[in-house]
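Okay, structure first, notes after.
Every chain is numbered from 1, with letters handed out A, B, ... down the list of sequences. Heavy atoms only: backbone and side chains are in, while hydrogens, waters and symmetry mates are out.
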There are 2 protein chains.
Amino acid sequence: MEDGTFESPGNCRYTEAGFDVKNWDTREDCEVRQILDRIADKWSLLVIALLDQCSMRFTELRREIDGISQRMLARTLRHLERDGLVKRTVHPVVPPRVDYELTPLGADLHSTIKALVTWTEEHRAQIAAARTAYDARTSADENAPAAATR
Amino acid sequence: MEDGTFESPGNCRYTEAGFDVKNWDTREDCEVRQILDRIADKWSLLVIALLDQCSMRFTELRREIDGISQRMLARTLRHLERDGLVKRTVHPVVPPRVDYELTPLGADLHSTIKALVTWTEEHRAQIAAARTAYDARTSADENAPAAATR
DNA sequence: CTGGATCCCCTTGGATACTG
DNA sequence: CAGTATCCAAGGGGATCCAG
């Protein structure tokens, strides 16, 4: 009976505080995945952060972000606009002028995200230490494969 | 002078609450991007959420997640372990048994992320409405291209 | 100035097969 | 059971050209 096959406990509950874990990140169905993909894509968060300070035009954002392609900036802004996070205002002047600003929803999301940013700032040292330790452990295992893993 | 070229204001400050926006998401340098990429990848968040309930073994996670490949589960777990978010325990028994559990750091991160999840839950209706409105507006523009944008 | 359209590369991630 | 190694498809994202 010491073979590790204990039969799965199955007695742990996945519901907590009223929502089901399996239900808020099951890829296609829920919006959590959608929003997460949105804010985690390469540029959205940075755009939101910049627009939270003040409204900006397309080229201002482009110049400010440094490294983004116009294709990606346009795409990102369209996504954010579609989700109601950013408001786009077109001024009908000779050289087109378009201003982007955060909607209240976008500003609200940004303030929520900042908690995560703050967390990361506060724990960056722990994460870096964990990585260093892991890498050291890993390369050590290569040299001493016979040692017990623990 | 009505050509829209106002010369960029340049008078808006990007520093707020002590940190520089340009400095916490400039791709390569900061850990914010790293952590964000980690929790936003396809499976990490779900793994964290499940492990927050109780520790689980590899196959339990695999069976529970439904849709994940063993390659991705192994990869995800190794990443999480490297970042110090998940602890891996190998039991030297005949059929190998490996338990995964959240570290205090991982549990802490999860509780932070849950704020974002909660936000999404609360605003899913607004987002859905914004998308519907955007799509309607977009397709309407195709039918009435001559109308002023505002 | 503000994008859309195209081409192309590279990463992410799935499927499968193979070890210990 | 718990992975690793290999192959391959889909999509993200950059560069460039073009239009309103």
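Checked for salt-bridge contact, Glu81(B) and Arg137(A) meet the test: a charged N lies under 4.0 Å from a carboxylate O.
Between the P atom of dG3(C) and the CD atom of Glu60(A) lies a distance of 13 Å, rounded to the nearest Å. Summarising the geometry, the separation between CG on Asp37(A) and P on dT12(C) is reported as 14 Å, rounded to the nearest angstrom. In this structure, the CG atom of Asp66(B) is 14 Å from the C1' atom of dG14(C), given to the nearest Å. Between the CE atom of Met56(B) and the C1' atom of dA2(D) there is a distance of 15 Å, given to the nearest Å. Distance Arg38(B) CZ to dT11(C) C1': 14 Å, rounded to the nearest Å. The nearest whole Å value for the distance from the CZ atom in Arg63(B) to the C1' atom in dC1(D) is 11 Å. Between the CD atom of Glu64(B) and the C1' atom of dA2(D) there is a distance of 18 Å, given to the nearest Å. Counting to the nearest Å, the C1' atom of dT4(D) and the CZ atom of Phe58(B) are 10 Å from each other.
Rounded to 10°, the helix from dC1(C)-dG20(D) to dG20(C)-dC1(D) has 40° between the axis fitted to its first five pairs and the one fitted to its last five.
Contact between the side-chain N/O atoms of Arg62(A) and the OP1/OP2 oxygens of dG3(C) is not found at any separation under 4.0 Å. Taking 4.0 angstrom as the limit, Tyr100(B) places a side-chain polar atom (N or O) nearer than this to OP1 or OP2 of dG3(D). Between Arg57(A) and dC1(C), a side-chain N or O to OP1/OP2 separation shorter than 4.0 Å is absent.
Partners of Arg71(B) under the side-chain hydrogen bond (donor to acceptor under 3.5 Å, both in side chains) rule, at least two apart in sequence or in another chain, do not exist in this structure. Every residue meeting the side-chain hydrogen bond (donor to acceptor under 3.5 Å, both in side chains) condition with Gln126(A), not counting sequence neighbours, appears here in chain and number order: His123(A). By the side chain to side chain contact (heavy atoms under 4.5 Å, CB included) test, Glu122(B) is found to be paired with Thr118(B), residues two or more places apart in sequence or in another chain being considered. Considering only residues two or more places apart in sequence or on other chains, Arg82(A) meets the side-chain hydrogen bond (donor to acceptor under 3.5 Å, both in side chains) condition with Asp135(B). Applying the side-chain hydrogen bond (donor to acceptor under 3.5 Å, both in side chains) criterion to Arg62(B), with sequence neighbours excluded, gives no partner residue. Looking at residues two or more places apart in sequence or on another chain, you find a side chain to side chain contact (heavy atoms under 4.5 Å, CB included) between Ala40(A) and Leu36(B), Ala40(B).
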Heavy-atom contacts, protein to nucleotides 9-18 of chain D, under 4.0 Å, summarised as B (base), S (sugar-phosphate only) or - (none) per nt, yield ----BBBBB-
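In the set dG3(D), dT4(D), dG3(C), dG3(C) carries the atom at the smallest distance from any side-chain atom of Ala74(A).
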Kindly list each side-chain donor-acceptor pair under 3.5 angstrom involving residues 73-80 of chain A, sequence neighbours excluded, with atom names and distances?
unit_1: Arg75(A); atom_1: NH1; unit_2: His79(A); atom_2: NE2; d: 3.3
unit_1: Thr76(A); atom_1: OG1; unit_2: Met72(A); atom_2: O; d: 2.7

